[in-house]
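Below is one structure, written out as structure tokens; comments come after it.
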Amino acid sequence: MLFMFISHCVAYLLTSMAVNVQQYLGKEYEVECDGQMVKLKPVKAWVLQPKGRKGVVIGLFKCPNGKTIRKAIGKIE
DNA sequence: GCGATCGG
DNA sequence: CCGATCGC
């Protein structure tokens with residue numbers, strides 16, 4: 001019973017976070033690549049947030065020139 | 001400096 | 001292993 005409850009909570013937390021990040025993955029962002037502004041979808045996104053402080057969402061972008069860059073694409077309360 | 005992530 | 005990402 002307790003196990004069921006806890007696993008449910010864990011699953012809920014994991015999925016809700018995954019969904020939040022996935023929303024960022026769907027959208028395009030203006031990113032500076034090779035001295036040019038390019039619209040790209042992030043290859044990956046995650047929350048970067050110290051404990052007890054506000055944080056940011058970091059997007060990982062693959063530029064046309066092959067370079068990979070990170071950019072903050074969101075804020076966390 | 002903290003937070004996660006991964007390319008260089 | 002470190003830089004760089006952002007805001008606090």
Side-chain angles (χ1 to χ4, degrees):
Chain A
M1 280 302 161
L2 182 58
F3 170 73
M4 296 287 283
F5 176 68
I6 292 178
S7 57
H8 171 261
C9 289
V10 170
Y12 174 75
L13 290 172
L14 289 177
T15 52
S16 62
M17 291 184 216
V19 166
N20 282 343
V21 169
Q22 194 165 2
Q23 295 170 351
Y24 287 94
L25 287 182
K27 300 169 189 170
E28 292 192 354
Y29 298 87
E30 289 278 345
V31 165
E32 177 95 18
C33 278
D34 206 23
Q36 290 231 353
M37 292 303 292
V38 192
K39 277 215 168 194
L40 293 175
K41 290 181 185 180
V43 174
K44 190 165 187 177
W46 63 90
V47 175
L48 186 62
Q49 180 179 42
K51 293 163 190 171
R53 241 173 290 174
K54 292 189 177 182
V56 290
V57 179
I58 302 293
L60 185 73
F61 298 89
K62 188 86 173 177
C63 291
N65 57 351
K67 225 173 150 189
T68 302
I69 60 169
R70 290 155 177 78
K71 183 111 201 267
I73 58 181
K75 298 183 184 183
I76 302 296
E77 315 293 326

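This structure is a prediction, so every number in the text was calculated from the model and none was measured. Numbered from 1 within each chain, the chains take letters A, B, ... in sequence-line order.
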Got a sec, which residues hit side-chain contact (heavy atoms from CB on, under 4.5 Å) with A/K39, two or more places apart in sequence or on another chain? A/E28, A/E30
Mind checking whether A/Y24 and A/Y29 have parallel, tilted or perpendicular rings, split at 30° and 60°? parallel
Kindly indicate whether the side chain of A/I76, heavy atoms from C-beta on, has any atom under 4.5 Å from the side chain of A/V57. yes
What is the 5' to 3' range of DNA chain B, first to last nucleotide, that sits under 4.0 Å from any heavy atom of chain A? B/dG1 to B/dG7
What residues form a side-chain contact (heavy atoms from CB on, under 4.5 Å) with A/E32, not counting sequence neighbours? A/M37
For A/I58, which fellow cluster members are found when Ile, Leu, Val, Met, Phe, Trp and Tyr are connected by side-chain heavy-atom distances below 4.5 angstrom, either directly or through intermediates? A/W46, A/L48, A/V56, A/L60
Mind running a 4.0 Å heavy-atom check of residues 33-43 of chain A against DNA chain B and sending the residues that fall below it, in number order? none
Nucleotide by nucleotide, nucleotides 1-8 of chain C touches protein heavy atoms under 4.0 Å in the pattern (B base, S sugar-phosphate only, - none) --BBBBBB
Sidechain-backbone polar pair: A/Q22 side chain, A/G26 backbone, donor-acceptor under 3.5 Å: no
Quick note, disulfide bond (SG atoms under 2.5 Å apart) partners involving residues 38-77 of chain A, not counting sequence neighbours, are A/C33-A/C63
Listed partners of A/K54 passing side-chain contact (heavy atoms from CB on, under 4.5 Å), at least two apart: none
Touch check for A/V47, heavy atoms < 4.0 angstrom, all strands: base, sugar-phosphate only, or nothing? sugar-phosphate
Let me know, please, whether A/Q49 or A/G66 comes out on the 5' side of the other along DNA chain B by nearest nucleotide. A/Q49
